[in-house]
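The structure under discussion appears below in the form of C-alpha cells.
Only this structure's heavy atoms are used, side chains among them; waters, hydrogens and symmetry mates stay out.
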Amino acid sequence: MLQVNFIRANKQTVLDGLRKRNWQEEELAVIDRIISLDDARKTNQLELDNTLSEMNRISKSIGGLMRAGKRAEADQMKASVGDLKEREKKLKAKADEIKEELDTALYTVPNVPHPSVPSGNTDEDNEVFQAWPNPLPELSGDAQPHWELAKKYNLFSLELGVKLAGGGFPVYMGKGAKLQRALINFFLDEAAAAGYQEILPPHLVNEDTARATGQLPDKEGQMYYVTKDDLYLIPTAEVPVTNIYRNVILEEKDFPIQMTGYTPCFRREAGSYGAHVRGLNRVHQFDKVEIVRIEHPEQSYEALHGMLKHVESILDKLELPYRILRLCGGDLGFTSALTFDFEVYSAAQKRWLEVSSVSNFETYQSNRLKLRFKDGKKKVLAHTLNGSALALARIVAALLENNQTPDGIVIPKALREYTRFDIID
RNA sequence: GGUGACGUGGGUGAGAGGCUGAAACCACCGGUUUGCUAAACCGGCAUACGUUGUUAAGGCGUAUCGCGGGUUCGAAUCCCGCCGUCACCGCCA
C-alpha cells in the first residue's frame, strides 16, 4: 500500500495517477479521507500517550512510596488512577477503530502509475511497446489448436483432470509431461545464467505473507484457501519468494537481489467459457518460473528493462513470435506502477496469448513488506519487481500449435537437450 | 497427534512484580595509545509512532523481552490462548 506520508506530500501526483486508472472524481474523495483519518490518528495518539505517561508517572511514585514504607499515601495514589484507566481504555478503542478505518481506506488505493503508463480503459488500449518485426507464421488449413493436438498425441487431458480434481486441472502425460519438465528446467537454467538465485519455496503461505505482496485483501477470491490450517495456495511464486525479504533491512551493497523460483500456480479465476479459455489458455493450476528482484530505487527501472531482455532472450531461443505491451492505466495491476506484458502468437488459434507479465511495484509492496535498506542513517523502502520467465501452460499451447508439421510437433533446438527428443509424433 | 522443556537486543546470555529498554560478554562503529598490525583503554551501538526543532542536530513522550488477551497502581517477570523451537513417543514419503 501507499505510505500516508507519501500521499500527503504528493497528493496531486496520487490523484492524477488514480485518474489514469479511470477513477471517478467522487471516488477520489478517499484520499482526503485518508489524510483526515491520519490526522485523527495523530491527535488520538497524542492524547493516549499523555494519558499513559501520567499513569506511568503515578505508578513510579507508588513504587517509591512502597519502598519507603508509606503504605497509606500509596493507597491514596492508587485510587487516583481510576479515571485515567477509563480514559486509556476509550482512547485505545478509538485508536484501534481509526487504524482499521485508515487501513481499509489505504487498501482501496492502488499504486500510482509510472508517468509512461498510457491512459486507457481496457486491454485494447494497451500500447504495443515492441511489435514482432517479422511476418506472423501461417499454418496450413488443416492446422489444429493445441487441445486437438493434445488428443492426437496424448499429451494432456483436461477430462482426466475433471475426474481427479475438477475443471481446469490438466493432467500431462508422456511427452506432454516431459515437455513441461523440460521447459521448467530450461527456464530455471536460463534464469540462473542471468544471475538469479534459485529458490524452491513453499506452495502454501500464511495470511501475513499473502497480505504483504498485495494478494490480500485485494484478490482474496482468486486464491485457494485451506481453512483447516489457515493457509493459501500460492497464485504465483512471487508471493513466497518476495516475502523472504519481509521485515528485512538491507545494506546498499546487498543490491541487486535477484531470485528465481519454479512453482505450480493455483488460481480460482471465476469462470468464463468459450474458445478463448479452451485447452491450456486458462487453467486453475499451471507451472511457472518467476524472476524476482529487489532493487535500489534509482536502479529499479534499469532492472525492469533487464528483466524484459531476459524474457526476450528466452522467447528467442524458443523461436516463438512475441510482442511486448505496455499496459494502460485501466489494465494495470492494482499493485504495479509499470507493467509490460509479453504475448506469444499462437498460430492455430490465430491470437496472442499472454505468457509473461513484468512489473515494477516500486515501494507499494515493500511498504507492506517493511523491506528497507540503509541509506546513510535513514532507512528507505526498497523497490520490488517481478516477472514471469515464463508461464508454462500458454507457452506449451503456442509451441504445439506453431511447430506442428505433418510428421509431428518439432521441438525447438534449444529445448532438445532438456526434452531428449526432437519431435512429438 | 501426545507429553515435557524452552522462546530476552546482531549473537551468547542474566533478570523471576517497581530502582530494567533491559546486566555482562562477543560482534560492530568512533576515539586514545602505537613504525604497521594486534593488544589495552575510553565512548557509542534496537525499532516504530508521535511531539518539539528550520522537512537539521538534538530533546521529550509512548509502545515493543515469540504473538494476542488478562490480573495489577505497576508485568520481560504472574495467569490464559496461539505460534514456533528442541527432546521423547505415535504415525509416515
What is the separation between atom CD1 on A:Ile62 and atom C1' on B:C19, rounded to the nearest whole Å? 16 Å
Spacing of the C1' atoms in B:C67 and B:U51 (rounded, Å): 29 Å
Do A:Glu290 and A:Lys288 sit within salt-bridge range, that is, some charged N less than 4.0 Å from a carboxylate O? yes
In whole Å, I'd like the distance from the NZ atom of A:Lys92 to the C1' atom of B:G70. 12 Å
A:Tyr153 and A:His146: aromatic ring centres closer than 6.0 Å? no
Partner of B:G53 by Watson-Crick or G-U wobble geometry, both contacts under 3.5 Å, or none? none
For the residue pair A:Ser336 and A:Asn111, confirm or rule out a side-chain donor-acceptor distance under 3.5 Å. no
Please give the distance between the P atoms of B:U85 and B:U47 as a whole number of Å. 28 Å
For A:Leu46 and B:U52, give me the distance from atom CG to atom C1', rounded to whole Å. 11 Å
I'd like the C1' distance from B:U34 over to B:A23, given in whole Å. 33 Å
Give A:Arg8 one of three labels, base, sugar-phosphate or nothing, depending on what nucleic acid heavy atoms sit under 4.0 Å from its own. nothing
A:Glu86 CD to B:C73 P, in whole Å, measures 13 Å
For B:U51, does OP1 or OP2 lie under 4.0 Å from any side-chain N or O of A:Arg41? no
Looking at B:U85, which nucleotide sits across from it as a Watson-Crick or G-U wobble partner, both distances under 3.5 angstrom, or is there none? B:A5
Is B:C19 paired to anything, Watson-Crick or G-U wobble with both distances less than 3.5 Å, and if yes, which nucleotide? none
Mind checking A:Ile58 for me? I need base, sugar-phosphate or nothing, with any heavy atom below 4.0 Å counting as a touch. nothing
B:U72 pairs with which nucleotide, Watson-Crick or G-U wobble, both distances below 3.5 Å? none
Counterpart base for B:U32, defined by Watson-Crick or G-U wobble contacts under 3.5 Å: B:A40
Does either side chain, that of A:Glu401 or that of A:Ser346, offer a donor lying less than 3.5 Å from an acceptor on the other one? yes
Take A:His310 and A:Phe187, measure what ring pair (Phe, Tyr, Trp, His ring centres under 6.0 Å) needs, and give me the verdict at the end. CA-CA 10 Å; A:His310 176 67; A:Phe187 293 154; 9.1 Å; no
Separation of the C1' atoms in B:U8 and B:A75, to the nearest angstrom: 14 Å
Which whole-number value in Å describes the distance from A:Asp96 CG to B:G69 P? 8 Å
Quick one: on RNA chain B, does A:Lys42 or A:Lys78 contact a more 5' nucleotide (nearest heavy atom)? A:Lys42
Could you check which nucleotide pairs with B:A63 in any of the strands shown, counting Watson-Crick or G-U wobble with both distances under 3.5 Å? B:U47
With rounding to whole Å, what would you report as the distance between B:C19 and B:G30 at their P atoms? 35 Å
Can you tell me, in whole Å, how much space there is between the P of B:G9 and that of B:U64? 15 Å
Between B:U71 and B:U54, how many Å separate the two P atoms, rounded to a whole number? 44 Å
Do other residues, nucleotides or ligands put more than 12 heavy atoms under 6.0 Å from the CD atom of A:Glu298? no
Should the pair A:Asp103-A:Lys99 be classified as a salt bridge under the 4.0 Å nitrogen-to-oxygen rule? yes
If we check side-chain contact (heavy atoms from CB on, under 4.5 Å) with A:Arg8, which of these qualifies: A:Ile34, A:Asp39, A:Val14? A:Asp39
Pairs under 3.5 angstrom, nitrogen or oxygen only, protein versus nucleotides 61-63 of chain B, please.
unit_1 : atom_1 : unit_2  : atom_2 : d
B:G61  : O3'    : A:Ser53 : OG     : 3.2
B:G61  : N2     : A:Asp49 : OD2    : 3.0
B:U62  : OP1    : A:Asn56 : ND2    : 3.2
B:U62  : O2'    : A:Asp49 : OD1    : 3.1
B:A63  : OP2    : A:Asn56 : ND2    : 3.4

Nearest whole Å is fine: how far is B:G10 C1' from A:Glu251 CD? 11 Å
Which whole-number value in Å describes the distance from A:Asn44 CG to B:C49 P? 17 Å
Once you round it to whole Å, what is the distance between C1' of B:G84 and CG of A:Leu231? 14 Å
Which whole number of Å gives the distance between the C1' atom of B:G70 and that of B:G13? 30 Å
When A:Ala79 and A:Lys379 are each assigned the nearest nucleotide of RNA chain B, the 5'-most assignment goes to A:Lys379
Please tell me if the side chains of A:Leu28 and A:Arg19 come closer than 4.5 Å, counting only heavy atoms from C-beta onward. yes
